[in-house]
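Sequence lines set the chain letters: A, B, ... in the order given, protein chains first and strands last, and positions in each chain run from 1.
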Amino acid sequence: EDKVVQSPLSLVVHEGDTVTLNCSYEVTNFRSLLWYKQEKKAPTFLFMLTSSGIEKKSGRLSSILDKKELFSILNITATQTGDSAVYLCAVEDDQGGSEKLVFGKGTKLTVNP
Amino acid sequence: SAVISQKPSRDICQRGTSLTIQCQVDSQVTMMFWYRQQPGQSLTLIATANQGSEATYESGFVIDKFPISRPNLTFSTLTVSNMSPEDSSIYLCSVEDLGTAFFGQGTRLTVV
């Protein structure tokens with residue numbers, strides 16, 4: 001059965017701290033890994049990763065994928081209170097012509113001033 | 001990226017009633033997806049809505065409980081039927097664009 005496991009489940013830090021969020025996965029036919037930020041209801045797309053070892057970066061956020069060890073990390077440097085959200089990891093599994101997204105439970109990040 | 005409008009954004013409903021959630025996309029898409037996110041849980045795919053054919057349901061979800069319409073390539077509805085408190089969740093529609101899933105604003109449903 002496809003599985004996506006995120007850790008930690010929750011994290012509380014102070015503004016300015018750097019955090020690393022983890023996502024490990026087991027899927028039948030890996031196609032891509034996606035990171036989302038969910039503040040209220042709708043997840044907002046952050047990154048899509050398909051190749052190992054290539055870092056994707058957007059401002060203070062960066063992410064990298066290791067397809068050999070089957071995990072990805074999301075780094076946030078110099079955290080701000082606006083980074084407080086649930087961060088979701090999802091893996092796209094190619095199931096014979098139809099792609100299915102499998103989501104982890106998310107990491108709830110709280111950034112205190 | 002596709003712009004997705006979902007409504008209602010929230011509702012409180014009596015048990016035993018039904019609620020229909022609408023999802024409008026600003027471009028034509030082949031498939032639209034409906035997810036449920038129960039409190040503290042990950043997003044779970046309910047079904048894939050295909051235009052011109054019946055929706056494809058995931059294990060644990062049935063058409064009688066979650067009927068879906070897809071009248072054209074830009075619109076879909078999900079109905080949550082005969083609701084119980086266990087149906088209290090966030091419901092999200094999603095489309096795929098350039099290999100990435102984009103989501104509507106979500107509907108927060110509370111069943112009392």
Where along residues 33-53 of chain A does a heavy atom come under 4.5 Å of chain B, listed by residue number?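 The stretch touches chain B at A:Leu34, A:Tyr36, A:Gln38, A:Lys40, A:Lys41, A:Ala42, A:Pro43, A:Phe45, A:Met48.
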Is it the case that more than 12 heavy atoms not belonging to B:Arg15 sit under 6.0 Å from its CZ atom?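 No - once you tally the heavy atoms of other residues, nucleotides and ligands closer than 6.0 Å, there are 12 at most.
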Looking at A:Lys3, I want to see if its NZ is surrounded by more than 12 non-hydrogen atoms of other residues, nucleotides or ligands under 6.0 Å.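 Not buried by this count: 12 neighbours or fewer within 6.0 Å.
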Flag yes if [X] and [Y] sit in one hydrophobic cluster, no otherwise; membership is Ile, Leu, Val, Met, Phe, Trp, Tyr, and two members link when side-chain heavy atoms are under 4.5 Å apart.
{"X": "B:Ile4", "Y": "B:Tyr91", "value": "no"}
{"X": "B:Leu109", "Y": "B:Leu78", "value": "yes"}
{"X": "A:Phe103", "Y": "A:Ile73", "value": "no"}
{"X": "A:Phe71", "Y": "A:Ile64", "value": "yes"}
{"X": "A:Val86", "Y": "A:Leu21", "value": "no"}

Please examine the side chains of A:Leu101 and B:Phe33, heavy atoms only from C-beta on, and report whether any two atoms are closer than 4.5 Å. no
Under a 4.5 Å heavy-atom cut-off, does chain B meet the side chain of A:Gln6, its backbone, both or neither? neither
Using a heavy-atom cutoff of under 4.5 Å, enumerate the residues of residues 53-73 of chain B that contact chain A, numbered in order, or state 'none'. B:Glu58
Does any backbone or side-chain atom of B:Ile90 lie under 4.5 Å from a heavy atom of chain A? Answer side chain, backbone, both or neither.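 For B:Ile90, the side chain is the part near chain A, not the backbone.
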